[in-house]
Amino acid sequence: MTDSKYFTTTKKGLINTTHLNDAQKLIIHFVTNDISSCASCSALFPDVVNCMQTDNLELKKLVYLYLMNYAKSQPDMAIMAVNTFVKDCEDPNPLIRALAVRTMGCIRVDKITEYLCEPLRKCLKDEDPYVRKTAAVCVAKLHDINAQLVEDQGFLDTLKDLISDSNPMVVANAVAALSEIAESHPNSNLLDLNPQTINKLLTALNECTEWGQIFILDCLANYTPRDDRESQSICERVTPRLSHANSAVVLSAVKVLMKFMEMLPKDLDYYGTLLKKLAPPLVTLLSAEPELQYVALRNINLIVQRRPEILKHEMKVFFVKYNDPIYVKLEKLDIMIRLASQANIAQVLAELKEYATEVDVDFVRKAVRAIGRCAIKVEQSAERCVSTLLDLIQTKVNYVVQEAIVVIKDIFRKYPNKYESVIATLCENLDSLDEPEARAAMIWIVGEYAERIDNADELLESFLEGFHDESTQVQLQLLTAIVKLFLKKPTETQELVQQVLSLATQDSDNPDLRDRGYIYWRLLSTDPVAAKEVVLAEKPLISEETDLIEPTLLEELICHIGTLASVYHKPPSAFVEGSRGVQHKRLPGSAGSGESVESPDVASAPGVSEAPPAVIPSQGDLLGDLLNLDLTPPTTTGPPPPSSGMQMGAMDLLGGGLDSLMGGGFGAAPAAMPASFTAPVSGGLDDLFDLGGGVGMPMGAYSPPKTVWLPAMKAKGLEISGTFARRSGVVQMEMTLTNKAMSVMTDFAIQFNRNSFGLAPAGPLQVLTPLSPNQSIEVTLPLNTVGPVMKMEPLNNLQVAVKNNIDVFYFSCQYPISMLFAEDGKMERQVFLATWKDIPNENESQFQIKDCHLNSDAASNKLQGSNIFTIAKRTVEGQDMLYQSMKLSNGIWLLAELRVQAGNPNYTVSTELFFFLFFFSLSCLN
């Protein structure tokens, strides 16, 4: 058939429009096909735009598709389409109206956006729900192009009104649009969720499509219920979504339930019912295709770390199938270990032993390591695990033997002096070890138990023959092992230790190896007893779960279940560029709770109470008990321990006088100082007077300049400088974090050791964006005084632990005592007079402040800015005497007399300490 049919006429001089439409469709169809093949058809823009004015829906779709792709390359010509858009938005056919508004949102050309506002406003209020739901999404697209225009035109308010729409799909699209806009502007409060709005969303949840349900569920996950009753009500209405056929809906529902479960009391019947309802849908997800299985397993891995009791009876579904891909196998293996308990360890070990005979080498290695992790996690199974590992060693399969030796070393660390009888079997396989980790593990075993191995020196000497060919890991371990051997058998191994020290210090280019060698050499040559105490010191027991996700990060990942963050096990800020996705989320009611992840058997046991977070036991040792330091955000609610105030009131708070109180600049001063004392006051009243600032400085609480608290060389590139300030009655720690390393730093957390005034963070350390190399960020951490109390030396010493994704770092700093002076520290005149008279003379301390060129009134005003209040003033023999009161945050009153003489830049301060509230509380008991 020829193309002449397109030009046949029914009447003389007229063209058949039906055939012409067919031709246009055919041509534009070819053009749009060229779009998908990356061929440029932008030159046809004017001709294609002329085809817009047609009643043929199929042709209009093709033209609009062309416009969406080429409008950006022809912005001046795209204005030609504006009139047609306006006309189509008023077309009687709702499909054409929706098509027009959808295309408008996809044309990213600034020149025509302002012409599209009126058509969009009409479509948002269209009578047809299909048009309204399409227009709702268009608002989000337009906001991405020109946010200010959308706000000025009031589209956001219209979008909020659509949440109350009668059509569930309109509600879902409005929620999706608002969520998209809010995600790009984290500080905006677009989704102002309240119980009424939540009720509307839950009503629409049952009737909209599966993707609409996902949008609504994700929105619900951002809501924090007022109490446990509201939380339970929402959970009851969300629970039916667990049986949905779409796995994304199921995971979104699980996310909402996991979050709201935090607010439910564990002794509530519904809490146990909800745990049982969560297990079946998660198990069902594992029957899908492998890719979906992997996504489900990554999410289950997070859920099991937070709530292992949900799946503690479902161990068998995680057993590996022969046709599972390797990525599914490894993820199942990891979850099996997390669920392992005394109740199911027998079947887990049987499975793992079977896996260790598979043909996949990587999977076999993981299986052997899993057996070792079981031994460390479940103590009752340790003997059975060791027996299983010995059986695997007897197979003489090289990679199995090497992995078994690595995990047996960890078992020795966990259970010292218990399973050393197997060392002989391990030594038989010494010659077959060719992997650095296995060789290092075997060397550690020989060095640690050298006194039980008759030929330990010969075994280590055999490794020493190829010392320079070994990896750094093996060299370091060999150096330490031979030093251990020398300390245990000095007469027999002197030549061997000299040989290894010479190899490490003189013949090696590795700085780590040289440094360790020199340390050992100097220890052995100067103080062998000290060397023995250092090298042969008792080792700390290893943790049973070394690969658990840090609690703060885990909470955030739970809030992102069903997203890429839950698959990567990284927060969105770690892989999403720009401003989107950097807002950190937390579980409700769990911030600062320090709730630890329990093993399945412990979590299910009734009456097991959670242990409080550990603190560093000794104020003199910053290292303290590092393994038990809990860096979850501190508890911010609840009264301080009742005994703390009594102890603080009863003990000698100043620890030797006002010198400690004023920042430690005086040294060990006696109770009464001579008037001629002229030492400078560092961090004390000199700072409050701001001697270097002059009289013209603005009034207010004094804040010392920032100093470096943690140098970068001691913190792997992280430098922390800071100061303390009191603003609006709140003590604040103001810090500058600087990354001088080559890698990005994330996941910051902070914790204080017990201190004299119970200072503790009032919330988590808010570092919302990753800290890139050579970048600095200002952080303000509000503090409270409800933490544990312990007297420090000096009194205002504060020991701090800061954690990030690299390591945990420790430093100490000193805060000005003036930061703790309360705003209600002005004592009544009569009370002040009576109190001053009652205080014994031996409680008085005197010192001088030099070079302060302020008169008494200026000094009084400046001190009041730091909550040091002048109660009375009198003049005696030309000398102004200011009587002042201060109240510390723990209720202790401090009274002072400040003597100022005109023309004399030196002030004399007399202070009296009175435990007013302490004695007052005792009198109330009588």
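Atoms considered below: every heavy atom in the structure, side chains included; atoms not considered: hydrogens, waters and symmetry mates.
In this structure, Lys332 places its NZ atom where more than 12 heavy-atom neighbours from other residues, nucleotides or ligands lie under 6.0 Å away. Annotation for Tyr327: atom OH counts as buried by contact number, over 12 foreign heavy atoms lying within 6.0 Å. Heavy atoms from other residues, nucleotides or ligands lying under 6.0 Å from CD of Glu778 number more than 12. In this structure, Phe215 places its CZ atom where only 12 or fewer heavy-atom neighbours from other residues, nucleotides or ligands lie under 6.0 Å away. More than 12 heavy atoms of other shown residues, nucleotides or ligands fall within 6.0 angstrom of atom CG in Asp227.
Of the inter-residue distances, the one linking Leu142 atom CG with Cys117 atom SG reads 6.0 Å to the nearest 0.5 angstrom. Note: Leu771 CG to Ile777 CD1 = 6.5 Å, rounded to the nearest 0.5 Å. Within the model, atoms CG of Leu257 and CG of Leu242 stand 5.5 Å from one another, a figure rounded to the nearest 0.5 Å. Rounding to the nearest 0.5 angstrom, the gap separating the CD1 atom in Ile558 from the CD atom in Gln305 is 8.0 Å. Rounding to the nearest 0.5 angstrom, the gap separating the CD atom in Gln213 from the CG atom in Leu220 is 11.0 Å. Summarising the geometry, atom CG belonging to Asn173 is positioned 12.5 Å from atom CD belonging to Glu180; distances are rounded to the nearest 0.5 Å.
The backbone N or O of Arg229 lies less than 3.5 Å from no partner atom in the side chain of Ser233, so there is not a single donor-acceptor pair. In this structure, the side chain of Glu210 does not engage the main chain of Asn246 through any donor-acceptor pair within 3.5 Å. Distance alone, capped at 3.5 Å, is enough to place a donor-acceptor pair between the Arg121 side chain and the Gln153 backbone. The backbone N or O of Asp126 lies less than 3.5 Å from a partner atom in the side chain of Arg132, making a donor-acceptor pair. Between the side chain of Thr284 and the main chain of Pro280, a donor-acceptor pair closer than 3.5 Å is present. Distance alone, capped at 3.5 Å, is enough to place a donor-acceptor pair between the Asn805 side chain and the Val744 backbone. Between the side chain of Ser247 and the backbone N or O of Leu285 there is no donor-acceptor pair closer than 3.5 Å. Judged by distance alone, with hydrogens and angles left aside, the side-chain atoms of Gln232 form no donor-acceptor pair with the main-chain N or O of Tyr270 at under 3.5 Å. Counting only distance, with no hydrogens or angles, the side chain of Lys259 and the backbone of Ala221 share a donor-acceptor pair below 3.5 Å. No donor-acceptor pair closer than 3.5 Å links the side chain of Asn299 to the backbone N or O of Ile303.
Between Tyr130 and Asn167, the closest side-chain pair of non-hydrogen atoms is not below 4.5 Å. Under the 4.5 Å side-chain criterion, counting only non-hydrogen atoms from C-beta, Ser166 is not in contact with Val171. In this structure, the side chains of Leu120 and Glu118 stay at 4.5 Å or more apart for every pair of heavy atoms. Leu205 is listed as a side-chain neighbour of Arg241, based on a closest heavy-atom distance under 4.5 Å. No side-chain heavy atom of Phe748 sits under 4.5 Å from any side-chain heavy atom of Pro764. Taking 4.5 Å as the limit, some side-chain heavy atom of Glu556 sits within range of a side-chain heavy atom of Pro572. Put simply, the side chain of Arg306 reaches to within 4.5 Å of the side chain of Glu555, judged on heavy atoms. A 4.5 Å side-chain heavy-atom check between Phe318 and Ile300 finds at least one atom pair inside the cut-off.
Ion pair Glu262/Arg307 flagged as a salt bridge, since at least one NZ, NE, NH1 or NH2 atom sits closer than 4.0 Å to an Asp/Glu carboxylate oxygen. Using a cutoff of 4.0 Å between basic side-chain nitrogens and carboxylate oxygens, Arg97 and Glu90 are not scored as salt-bridged. We find that Lys255 and Asp218 are joined by a salt bridge, their nearest charged nitrogen and carboxylate oxygen being less than 4.0 Å apart.
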Please evaluate residues Asp747 and Thr552 with respect to the criterion side chain to side chain contact (heavy atoms under 4.5 Å, CB included), reporting the C-alpha separation (whole Å), side-chain torsions for both, the decisive distance (0.1 Å), and the verdict.
CA-CA 8 Å; Asp747 306 331; Thr552 306; over 6 Å; no
Step by step, work out the side chain to side chain contact (heavy atoms under 4.5 Å, CB included) result for Ser179 and Val175.
CA-CA 6 Å; Ser179 300; Val175 168; 4.0 Å; yes
Would you sort out whether Asp334 and Leu330 count as a side chain to side chain contact (heavy atoms under 4.5 Å, CB included), showing the intermediate values?
CA-CA 6 Å; Asp334 195 36; Leu330 296 179; over 6 Å; no
Might you work through the side chain to side chain contact (heavy atoms under 4.5 Å, CB included) test for Asn804 and Thr746, ending with a clear yes or no?
CA-CA 6 Å; Asn804 60 16; Thr746 58; over 6 Å; no
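In terms of heavy atoms, Val131 sits closest to Pro94 at CG2-O, 3.5 Å. For Pro281 against Val250, the heavy-atom pair with the smallest separation is CB-CG1, 3.9 Å. When all heavy atoms of Ser566 and His560 are compared, the pair lying nearest together is CB-O, 3.6 Å. Listed here is the closest heavy atom pair of Tyr223 and Phe260: O-CE2, 3.2 Å. Summarising the geometry of Ser573 relative to Pro770, their closest heavy-atom pair is O-CG, 3.4 Å, with the distance given to 0.1 Å. Considering all non-hydrogen atoms of both residues, Leu217 and Ala253 come closest at CD1-N, 3.8 Å.
A donor and an acceptor atom, one from each side chain of Thr197 and Asn194, are located under 3.5 Å apart. For the residue pair Asn774 and Asn739, no side-chain donor N or O sits within less than 3.5 Å of a side-chain acceptor on the partner. Counted by atom type alone, Glu289 and Tyr294 present zero donor-acceptor pairs between their side chains at under 3.5 Å. In this structure, a donor-acceptor pair under 3.5 Å is present between the side chains of Ser164 and Lys200.
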